[in-house]
Every structure is written in C-alpha cells, then in structure tokens.
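Since the structure comes first, as structure tokens, the remarks are kept for the end.
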Amino acid sequence: MNDATDRKLALITGASRGLGAGCALELAKTHHVVAVARTTGGLEELDDQIKAAGGEATLAPMDITVEGAMAQLCRSIYDRWGKIDIWVHAAIHAAPLAPAAHIEMKDWQKSVNINITALARLIGFVTPLLGQTGRAVFFDDPRAGEKFFGSYGATKAAQMALVRSWQAETSKIGPHVSILTPEPMNTATRARFFPGEDRSNLAQANDEAVRLLAGT
C-alpha cells in the first residue's frame with residue numbers, strides 16, 4: 001500500500017466499473033481511495049483517471065468473498081491509516097435472468113456468496129474502522145418478486161434487509177449508514193438485464209455518483 005496520507009480515506013468495494021467507479025472518481029477529489037475489485041484492468045483504468053484528476057488511489061485487486069483477503073485488507077488499512085471515513089459498497093453479482101424453476105444453482109450460490117455472505121462479513125470487518133463518525137453507503141435496486149429476477153431479486157432484497165438492520169442498530173451510536181436508490185443507469189449490468197433497451201435516456205454512472213454522494 002502507498003504511504004500514509006493526510007487526506008480522508010474512502011474504501012470502495014466494487015470499484016472497477018459502473019457506479020462503484022463513479023463513486024471512486026468523485027470521492028478521489030477529497031479522499032485517498034482504496035479501490036477493491038476483482039478486475040485488475042478496470043482498477044488500473046480507474047487509477048489512471050484518478051491520477052489524471054490529481055487524486056490518489058490504492059488498488060486492491062481482491063475477491064470480496066475471500067475472507068482472509070478481506071481481513072488482511074482491513075488490517076492493512078488500520079495499520080496504515082487507522083480508520084475509514086467512508087465505505088461505499090457497490091459490489092454485486094447480477095445473475096442471468098431465469099424462471100424460478102430453472103435457476104442454475106451455481107448462479108444462485110454465487111449470488112448468495114457475493115450479495116449476502118461477503119457483505120455480512122465485511123460489515124463486521126469494516127465497522128471498527130468506521131467508528132462512530134464514519135459513513136457507509138449502499139445502493140438499493142428493488143427487483144424482488146419481478147419475473148425472471150429470482151436470484152438477483154432475492155439476494156439483493158436480503159442484502160438490503162441486512163443493511164437496514166445495521167442502519168437501525170447504529171442510528172444513535174454510529175457509524176452513519178445510508179441506503180440510496182440510483183436512477184436507471186447505462187451500465188453493463190443493466191444491459192445484461194434489459195438487452196435491446198433504448199439506452200439514450202439512461203443516466204450515466206459518473207453523474208449518478210455525483211448526485212447520490214452529494215446527499216450523504
């Protein structure tokens with residue numbers, strides 16, 4: 001990791017593309033960004049953009065489902081910076097659409113591992129770093145009950161239920177937990193869900209990041 005910095009620290013999980021990358025770019029204006037994602041190439045592109053704008057980032061090409069890797073990352077953050085000022089969680093597995101009776105179990109299990117289990121573990125790891133004054137930001141996408149969205153809709157709803165419990169538990173003692181709902185965005189995830197959709201009227205992820213973070 002880079003040397004310590006006097007800037008505030010932002011941890012972005014799922015930072016290599018889409019809304020996560022947009023949030024990293026926006027927060028890099030005022031924070032040192034620790035960018036986590038599995039896609040090394042995407043992280044390197046993000047790093048180039050952050051540096052071009054005068055910001056600084058530490059790249060962490062890691063899988064959030066690997067408990068040991070996430071534990072080591074959070075320990076390294078503590079050793080170098082001592083805390084996190086804001087955590088933005090944008091990592092998500094968007095399983096292929098399928099009728100409920102034909103869901104592939106490998107897609108179901110991957111959805112559970114990434115969208116629920118990994119987040120539950122991360123909340124435990126990150127909470128001590130956020131302390132009472134830090135902020136955690138999550139994004140809702142209410143698809144539960146929509147046809148063909150069984151894997152994604154169910155695990156996203158479970159994810160939000162977990163976050164809302166954490167939000168209620170910390171409302172008086174911190175950290176501050178926000179749940180935000182983006183407008184439909186021109187992302188690769190949405191393209192997989194809605195192939196052939198007219199994308200000209202969809203929001204850009206970077207613009208949504210600016211709008212959403214302004215309210216936190």
Side-chain angles (χ1 to χ4, degrees), residues 1-2 4 9-21 23-24 27 31-44 46-47 57-95 103-132 134-141 151-170 173-179 189:
M1 287 192 172
N2 296 344
L9 191 73
L11 172 66
I12 317 292
T13 39
S16 63
R17 59 188 176 184
L19 187 57
C23 289
L27 286 169
H31 294 65
H32 182 94
V33 170
V34 177
V36 181
R38 291 180 299 170
T39 310
T40 301
L43 287 177
E44 290 174 346
L46 173 67
D47 190 42
T58 294
L59 306 185
M62 297 176 174
D63 185 338
I64 66 167
T65 66
V66 179
E67 180 176 3
M70 292 300 98
Q72 182 58 46
L73 174 66
C74 290
R75 177 67 198 196
S76 297
I77 289 172
Y78 175 78
D79 289 343
R80 193 165 297 277
W81 289 288
K83 66 172 185 174
I84 292 169
D85 295 286
I86 183 170
W87 170 33
V88 176
H89 184 72
I92 194 74
H93 176 60
I103 292 173
E104 293 283 347
M105 284 299 100
K106 63 179 178 62
D107 291 325
W108 174 262
Q109 194 59 56
K110 189 173 182 179
S111 298
V112 170
N113 290 345
I114 295 174
N115 299 348
I116 307 172
T117 305
L119 176 59
R121 189 182 295 126
L122 277 169
I123 289 173
F125 289 160
V126 175
T127 294
L129 293 170
L130 289 171
Q132 294 181 320
R135 294 181 292 160
V137 178
F138 301 90
F139 303 105
D140 198 4
D141 185 15
S151 291
Y152 177 79
T155 55
K156 186 64 179 178
Q159 182 188 85
M160 289 297 99
L162 172 62
V163 171
R164 288 189 176 94
S165 290
W166 189 33
Q167 183 182 53
E169 293 155 4
T170 60
I173 61 173
H176 179 74
V177 178
S178 297
I179 301 173
T189 296

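As a basis for the values below, the full set of heavy atoms in this structure was taken, side chains included, without hydrogen atoms, waters or symmetry mates.
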Q: Might you work through the side chain to side chain contact (heavy atoms under 4.5 Å, CB included) test for Phe139 and Val88, ending with a clear yes or no?
A: CA-CA 9 Å; Phe139 303 105; Val88 176; 3.6 Å; yes
Q: Apply the test side chain to side chain contact (heavy atoms under 4.5 Å, CB included) to residues Leu119 and Val163: give CA-CA distance (whole Å), side-chain angles for both, the deciding distance (0.1 Å), then the verdict.
A: CA-CA 9 Å; Leu119 176 59; Val163 171; 3.8 Å; yes
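- Of the listed residues (Gln159, Lys156, Arg164), just one forms a side chain to side chain donor-acceptor pair (under 3.5 Å) with Asp140, and that residue is Arg164.
- Here OG of Ser111 is found 9.5 Å from CE of Met105. Values are rounded to the nearest 0.5 Å.
- Counting only heavy atoms from C-beta outward, the side chains of Trp81 and Val34 approach each other to under 4.5 Å.
- The distance from the OG1 atom of Thr155 to the CE atom of Met160 is 10.5 Å, given to the nearest 0.5 Å.
- Inspection of the Asp141 and Tyr152 side chains reveals an N or O donor paired with an N or O acceptor under 3.5 Å.
- Remark: Thr127 OG1 to Glu169 CD distance equals 9.5 Å, nearest 0.5 Å.
- Lys83 is not listed as a side-chain neighbour of Tyr78, based on a closest heavy-atom distance of 4.5 Å or more.
- Contact between Ala21 and Leu46 at its shortest, heavy atoms only, is O-CD1, 3.8 Å.
- Remark: the backbone N or O of Pro175 is paired with a side-chain donor or acceptor of Thr170 at under 3.5 angstrom.
- Considering CD1 of Ile86 and CZ of Arg135, their distance stands at 4.0 Å, rounded to 0.5 Å.
- Using a 4.5 Å cut-off on side-chain heavy atoms (C-beta onward), Thr40 and Leu59 make no contact.
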(Q) Under the criterion side chain to side chain contact (heavy atoms under 4.5 Å, CB included), I'd like the reasoning laid out for Ile64 against Ile114: C-alpha separation, chi angles, the key distance, then a yes or no. (A) CA-CA 7 Å; Ile64 66 167; Ile114 295 174; 4.3 Å; yes
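- Heavy-atom minimum distance, Ala37 versus Ala15: CB-N, 4.0 Å.
- Atom-to-atom distance recorded for Cys23:SG and Ile12:CD1 is 6.0 Å, nearest 0.5 angstrom.
- We find the CG-CE distance between Leu43 and Met62 to be 10.5 Å, quoted to the nearest 0.5 Å.
- Annotation for Asp47 and Ala57: closest pair OD1-CB, 3.7 Å, computed over non-hydrogen atoms.
- Counting heavy atoms from C-beta on, the side chains of Leu129 and Trp87 never come closer than 4.5 Å.
- Crowding of Arg38 atom CZ: a count of heavy atoms from other residues, nucleotides or ligands under 6.0 Å not exceeding 12.
- Contact detail for Ala71 and Phe125: the closest heavy-atom pair is N-CE1, 3.7 Å.
- The two residues Leu130 and Ala136 have their closest heavy-atom pair at CD1-CB, 4.1 Å.
- For Gln132, the CD atom is loosely surrounded, since the number of other residues' heavy atoms within 6.0 Å does not exceed 12.
- When atom types are taken as modelled, the side chain of Asp85 and the backbone of Leu9 share a donor-acceptor pair closer than 3.5 angstrom.
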Q) Given the rule in the side chain to side chain contact (heavy atoms under 4.5 Å, CB included) test, do Val137 and His89 qualify, once you have shown the distances and angles that lead to the verdict? A) CA-CA 6 Å; Val137 178; His89 184 72; over 6 Å; no
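- Contact of the Val126 side chain with the Leu11 side chain is registered, since non-hydrogen atoms from C-beta on lie closer than 4.5 Å.
- The aromatic rings of Trp166 and Phe138 lie perpendicular to each other, with more than 60° between the two planes, well past the 30° mark.
- Looking only at distances, a side-chain donor or acceptor of Gln167 sits under 3.5 Å from a matching main-chain atom of Val177.
- Residues Gln109 and Asp107 fail the side-chain proximity criterion, which asks for heavy atoms closer than 4.5 Å.
- With a 4.5 Å cut-off on side-chain heavy atoms, Asn115 and Ile92 count as touching.
- Annotation: side chain of Lys110 is not in contact with side chain of Val112 (no heavy-atom distance under 4.5 Å).
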